[in-house]
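Here the structure is laid out as structure tokens; the discussion comes afterwards.
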Amino acid sequence: MTNREIAEIMDRIADILEIKEDNPFKIRAYRKAARSICHLDEDINYLYKLNRISEIPGVGKAVKSKIEELLEKGNCEYYDKLLLDVPSGVLEMLSIPGIGHKTVKLIYEELGINNIDDLLKAAQNKEIRKIPGVGGKTEYNIKKGIDLLKKRTGKVTLGLALPLAEDFLDHIKESRAVQRACIVGSVRRGKSLVGDIDILVAANDYSRVYQKVSTYKSVRSISSKDSKHIKGKLIYQIDFEIIIVDPDDYFYSLVWTTGSKEHRNALFKGINPAEFSRVESEKDVFRKLGLNYIPPELREDQGEIEKASNNQLPKLVQENNLKGDLHVHSDWSDGAHKINEVVDVAKTMNYSYIAITDHSKSLPISGGLNEERLSAQGKVIDGLNKNQKDFQILRGIEVDILKDGQLDFSDDVLKNLDVVVASVHSNFKLEGEKQTQRIIRAIKNEHVDIIGHLTGRLLNRRSAYELDIDKVLEAAADNKIILEINSHPDRLDIDEVIAKKARDYGIKIAINSDAHHKEDLRLVKYGVINARRGWLEAENIVNTWDKEALLDYLNK
DNA sequence: GCCGTTTTCGGCCCGACTGTTTTCAGTCG
């Protein structure tokens, strides 16, 4: 079992205990264990072998024994028993945004509804509002929530799919029958949500490829196979397809299977594939078409083919262009690590600066800083900086944008900081014009440098809030405000469409990790992919600049 | 169920908003 599978079971246990109204602190303990297992840098099987499971934060005697049982036997008696108490459909109802375990339990007990489909029917028939304490508004939210849920069915985040695809690819490449292999399709293009994992394989011996694929540890089932394709399901219910081609056709097929349908149709219109037999590289395929090499992230038929024929493609930003990170949390608020621990990881990434931007006081759940603690943190950072060589910790804050667009700190406090990231963490449901004016007011504050996760979307969980993007971009451009690409794979906010638009407005971008755990600094990988999909070059991204140029820009 | 220590029990993140009622419970971040 993988770390993530174990973590999901711990979360599931917490869900069931919530429905059963067990001790809230016990529930929190299971959630905490799930989170820290998710964040482990090491394989939990490896920790188990070394007898180091109890070193995981939040894992005590009871959780440890359950993890060990799961790793040894693949199941756990306590969990199996709990599953008998609550129907699986009721647990699925918990994933509907806007209703929690209390409401789910109430609906289950009062109406006997135990699955999402019946719940939707009951909501449509106005049955839910008959329960005392539940009204028409909740009923409406249930319908809307289920609608959102249905839309996301089958798609998973790149953050889940890419590491799995890479691991699968490594496994396939171990086979001597495989001459070449590559991840293709939407995963290679770096879409933030993907429907499946596609891998192209060049091989002559199909049966040996099948043999290799079928022994991959995360394959759960195989639904069809022939000499050209193997299809099935991986863990987390992710579909996969292995496309097997003759080695002579590999590079042509690589281009064919990577681009979106629209892209490849435009690319190969009226062209005989036989012309591309035995070409030596992907670049050669494009050359034969009279085009520059088009990076996978751009192969979406958004004008890239024309640009490739005119030598006008952008020189896309790369991960190794990044010199720092401007949105990082520490244990001064809801981050897991001390500032110096985060700095140590940043140095391994060859960064020369990071900004520590903990939450501000309006977010008490996150242990947000008040003026006194912010000032104390500043002194700690100054002290740490004295011992740094070729590295600087910038003093920052992720300051809350309040409901009316005012900030959570006064100008007198903000003016002393190197980096001010302003973000929305409340009142997501404001009507569009008010939301727009709220953010523009923050943009106009002279001390604000960056707007964090501008649209507030959470992939598969929460839509972006209502916002007039053009008005916001205009204001950002006028006020020399940097927009963040938040790299967390559940956010990727701003998305590639807004990023491209922002570039056209002349707005600078920061690719930030928003790390709450030291290892999460590496999530910028996804931010970079997103930026590339938005046609951004290194010069558009302020944290590819060296420290002097950056500070100069921040001081405007 | 975990954790820490003036250590084997007592405390554990909390405020705002929403919806349903009319003073509060549920949900979210």
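Reminder, nothing fancy here: chain letters follow the sequence lines and each chain counts from 1.
Rounded to a whole Å, the CG atom of A:Asp400 is 15 Å from the P atom of B:dG15. Nucleotide B:dC12 holds its P atom 20 Å from the CZ atom of A:Arg31, rounded to whole Å. The interatomic distance linking A:His425 (NE2) with B:dG29 (C1') rounds to 8 Å, in whole Å. Rounded to whole Å, atom C1' of B:dC13 lies 11 Å from atom CZ of A:Arg35. Atom P of nucleotide B:dC17 and atom CG of A:Leu430 are separated by 10 Å, given to the nearest angstrom. If you measure from atom OH of A:Tyr79 to atom C1' of B:dG1, you get 18 Å, rounded to the nearest angstrom. A:Asn23 has its CG atom 14 Å from the P atom of B:dG11, to the nearest Å. A straight line from CD1 of A:Ile16 to P of B:dG1 spans 14 Å, rounded to a whole angstrom.
Identified under the salt bridge (Lys or Arg N to Asp or Glu O under 4.0 Å) test for residues 371-381 of chain A, with sequence neighbours left out: A:Lys361-A:Glu371.
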(message) Checking A:Leu119 against A:Asn115 for the side chain to side chain contact (heavy atoms under 4.5 Å, CB included) test, could you report, in this order, the C-alpha distance in whole Å, the side-chain angles of both residues, the deciding distance, and whether it holds?
(response) CA-CA 6 Å; A:Leu119 178 62; A:Asn115 65 74; over 6 Å; no
(request) Apply salt bridge (Lys or Arg N to Asp or Glu O under 4.0 Å) to A:Lys471 and A:Glu433, showing your working. (result) CA-CA 10 Å; A:Lys471 276 189 189 166; A:Glu433 182 56 26; 3.3 Å; yes
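B:dG15 and B:dG10: their P atoms are spaced 25 Å apart (whole Å). Between B:dC28 and B:dC13, the two C1' atoms lie 14 Å apart (nearest whole Å). Here the separation of B:dT20 from B:dT27, taken at their C1' atoms, is 14 Å to the nearest Å. Going from the C1' atom of B:dT18 to that of B:dT23 covers 15 Å, rounded to whole Å. Nucleotides B:dG11 and B:dA16 are separated by 25 Å at their P atoms, to the nearest Å. Straight-line distance between the P atoms of B:dC2 and B:dT6: roughly 22 Å, to the nearest whole Å.
The side-chain hydrogen bond (donor to acceptor under 3.5 Å, both in side chains) search around A:Lys20 returns A:Asp85, not counting sequence neighbours. For A:His516, the side chain to side chain contact (heavy atoms under 4.5 Å, CB included) criterion is met by A:His329, A:Asp334, A:His359, A:Asp514, not counting sequence neighbours. For A:Gln435, the side chain to side chain contact (heavy atoms under 4.5 Å, CB included) criterion is met by A:Leu430, A:Arg438, A:Tyr465, A:Leu467, not counting sequence neighbours.
Nearest-nucleotide positions on DNA chain B place A:Gly60 closer to the 5' end than the other of A:Asn427 and A:Gly60.
Under 4.0 angstrom from either OP1 or OP2 of B:dC13 there lies at least one side-chain N or O belonging to A:Arg28.
No side-chain heavy atom of A:Leu459 sits under 4.5 Å from any side-chain heavy atom of A:Arg491.
In the model, A:Tyr236 has a side-chain atom that pairs as donor or acceptor with a side-chain atom of A:Thr2 under 3.5 Å.
Formation of a donor-acceptor pair under 3.5 Å by the A:Arg12 side chain with backbone atoms of A:Ala7 is not found in this model.
Contacts with DNA chain B (heavy atom under 4.0 Å) in residues 106-126 of chain A: none are found.
Using cut-offs of 30° and 60° for the angle between ring planes, the A:His453 and A:His327 rings count as tilted.
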(request) Heavy atoms under 4.0 Å is the rule here; annotate nucleotides 19-28 of chain B 5' to 3' with B where the base is hit, S where only the sugar-phosphate is, and - elsewhere. (result) SSS----SSS
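In this structure B:dC9 sits in a base pair with B:dG4, meeting the Watson-Crick or G-U test at under 3.5 Å.
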